[in-house]
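Following: one structure in structure tokens, then a few remarks.
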2 protein chains.
Amino acid sequence: MKLTQGADYGMAAVLYLSQKSEDRRYSLDEISRATEIPEEFLRKIFQTLVKSGVINSFKGRGGGVSLARSAKDITVAEVIKPLEEEMGLVRCLREKEDCPRSSECMASNFWRKTQQNFFEILNSTTIKDLIEGGKQNARKD
Amino acid sequence: MKLTQGADYGMAAVLYLSQKSEDRRYSLDEISRATEIPEEFLRKIFQTLVKSGVINSFKGRGGGVSLARSAKDITVAEVIKPLEEEMGLVRCLREKEDCPRSSECMASNFWRKTQQNFFEILNSTTIKDLIEGGKQNARKD
DNA sequence: TTATAATAAGACTAAATCAGTCCAATTAAG
DNA sequence: CTTAATTGGACTGATTTAGTCTTATTATAA
């Protein structure tokens, strides 16, 4: 059970931008060097995040990327979800057709709830929360 | 983000056994047919669960498998963990060495907590809970 | 008005993992 | 001593992952 490396890197990149001045654009080259994320891979990650509206990008000389919103208005879920293609914990939750096994459905009810619980945490935690040290997040301390 | 198919099947198989009479042994052939889990794959799954102490197995004629304990004393975690080899949500949580990126460590604190929260649900839910319909599990309803 | 510094899009690839199979060995019951 | 079962481990094909490469496209500045 793990997130894709893209999602992992995506968080690192967004966190990096969130800690920098918001009124500049940052080239992939710069971000790649600072975070040690392979540049070409990072490019693909940003393309995804641009499409999903978390990141703004600017072509041409002096171009680069910046956060589309301030860190307090970006949730972890908004960064992770577009970078994690397959989000169902078990097969039943990924496939459209309903499962033939009744015993597995007991399991899938449980997985569905557990997964929802997980997503609720991602939805209710912002990038700003993470930077501030995560005192109050994850629903318990 | 998904569990391995082995873990998914493992739950189905344990659930199947939990709904059957406890004083018998069940052959893999029988379980495989009832649950539609490929027999050879199921065999490997049970080998793992035997090692971890959730399942008892008996060789030879009249052999087969059975639950090592009653369903109310087996947690979901006990079934899933041995079948999920890599349990760290992100690289930082899987690797031993500490990460060089300070920004990612903010993220890894968050992932660590979120993951713990997830495991606590698995630890506090028994197979019996699932069979009874999961009214009270997943920490919220 | 062209050279340059950037991202965009998408094809491509190597390696790892996953899901599943096969087979020879072992064990116990009848 | 034959048969019905699991054990252990090697093997395999397919898929996914992580990452790269290449060819546009775009914007700025000289």
What I want to find out is whether A/Lys20 reaches A/Glu30 closely enough, with some N-O distance under 4.0 Å, to be called a salt bridge. no
Between B/Glu78 (side chain) and B/Thr75 (backbone), is there a donor-acceptor pair under 3.5 Å? yes
Tell me: CD of A/Glu86 to C1' of D/dT17, nearest whole Å? 12 Å
Would you say the side chain of B/Gln47 and the base of D/dG8 hold a donor-acceptor pair, judged only by whether the two atoms sit under 3.5 Å apart? yes
Would you state whether a donor and an acceptor, one from the side chain of B/Lys44 and one from the base of D/dG8, lie under 3.5 Å apart? no
From NZ of B/Lys59 over to P of C/dG30, roughly how many Å is that when rounded to an integer? 18 Å
Sorted by position of nearest nucleotide on DNA chain C, 5' first, the leading residue of A/Lys2 and A/Phe46 is A/Phe46
Looking for any heavy atom pair under 4.0 Å, which part of the strands does B/Glu84 touch: base, sugar-phosphate only, or nothing? nothing
Among the candidates D/dT20, C/dA9, C/dA19, find the nucleotide nearest to the side-chain atoms of A/Lys51. C/dA9
In whole Å, what is the span from the CD1 atom of A/Ile45 to the P atom of D/dT20? 11 Å
Closest to the side chain of A/Ser27, out of C/dA6, C/dA19, C/dA28, is C/dA6
Between B/Leu49 (CG) and D/dG8 (P), how many Å, whole number? 13 Å
Whole-Å distance, A/Glu40 CD to D/dT20 P, equals 7 Å
Spacing of B/Arg43 atom CZ relative to C/dC22 atom C1', expressed in whole Å: 11 Å
Hey, does the side-chain of B/Gln5 have a donor or acceptor N/O within less than 3.5 Å of a partner on the base of C/dC18? no
Between D/dT17, C/dG30, D/dG19, which nucleotide has the shortest distance from any of its atoms to the side chain of B/Arg91? D/dG19
B/Thr125 side chain vs B/Leu122 backbone, donor-acceptor pair below 3.5 Å: no
Round to the nearest Å and state the distance from A/Leu83 atom CG to D/dA18 atom P. 11 Å
So B/Phe58, base contact, sugar-phosphate only, or nothing? Heavy-atom distance under 4.0 Å. sugar-phosphate
Nearest heavy atom decides the nucleotide; on that basis, is A/Leu3 or A/Arg25 closer to the 5' end of DNA chain D? A/Leu3
Of D/dT20, D/dT25, C/dT21, the nucleotide closest to the side chain of B/Phe41 is C/dT21
Okay, side chain of A/Glu84, backbone of A/Lys81: is any donor-acceptor separation there less than 3.5 Å? no
Going by an N to O cut-off under 4.0 Å, is there a salt bridge joining B/Lys128 and B/Glu132? yes
Rounded interatomic separation in angstrom, taking CD from B/Glu30 and C1' from D/dT6: 15 Å
Ignoring backbone atoms, test whether A/Tyr9 places a side-chain nitrogen or oxygen under 4.0 Å from the OP1 or OP2 oxygen of D/dG19. yes
Salt bridge or not for A/Glu39 and A/Arg43, using N-O below 4.0 Å? yes
Nearest heavy atom decides the nucleotide; on that basis, is B/Glu85 or B/Pro38 closer to the 5' end of DNA chain C? B/Glu85
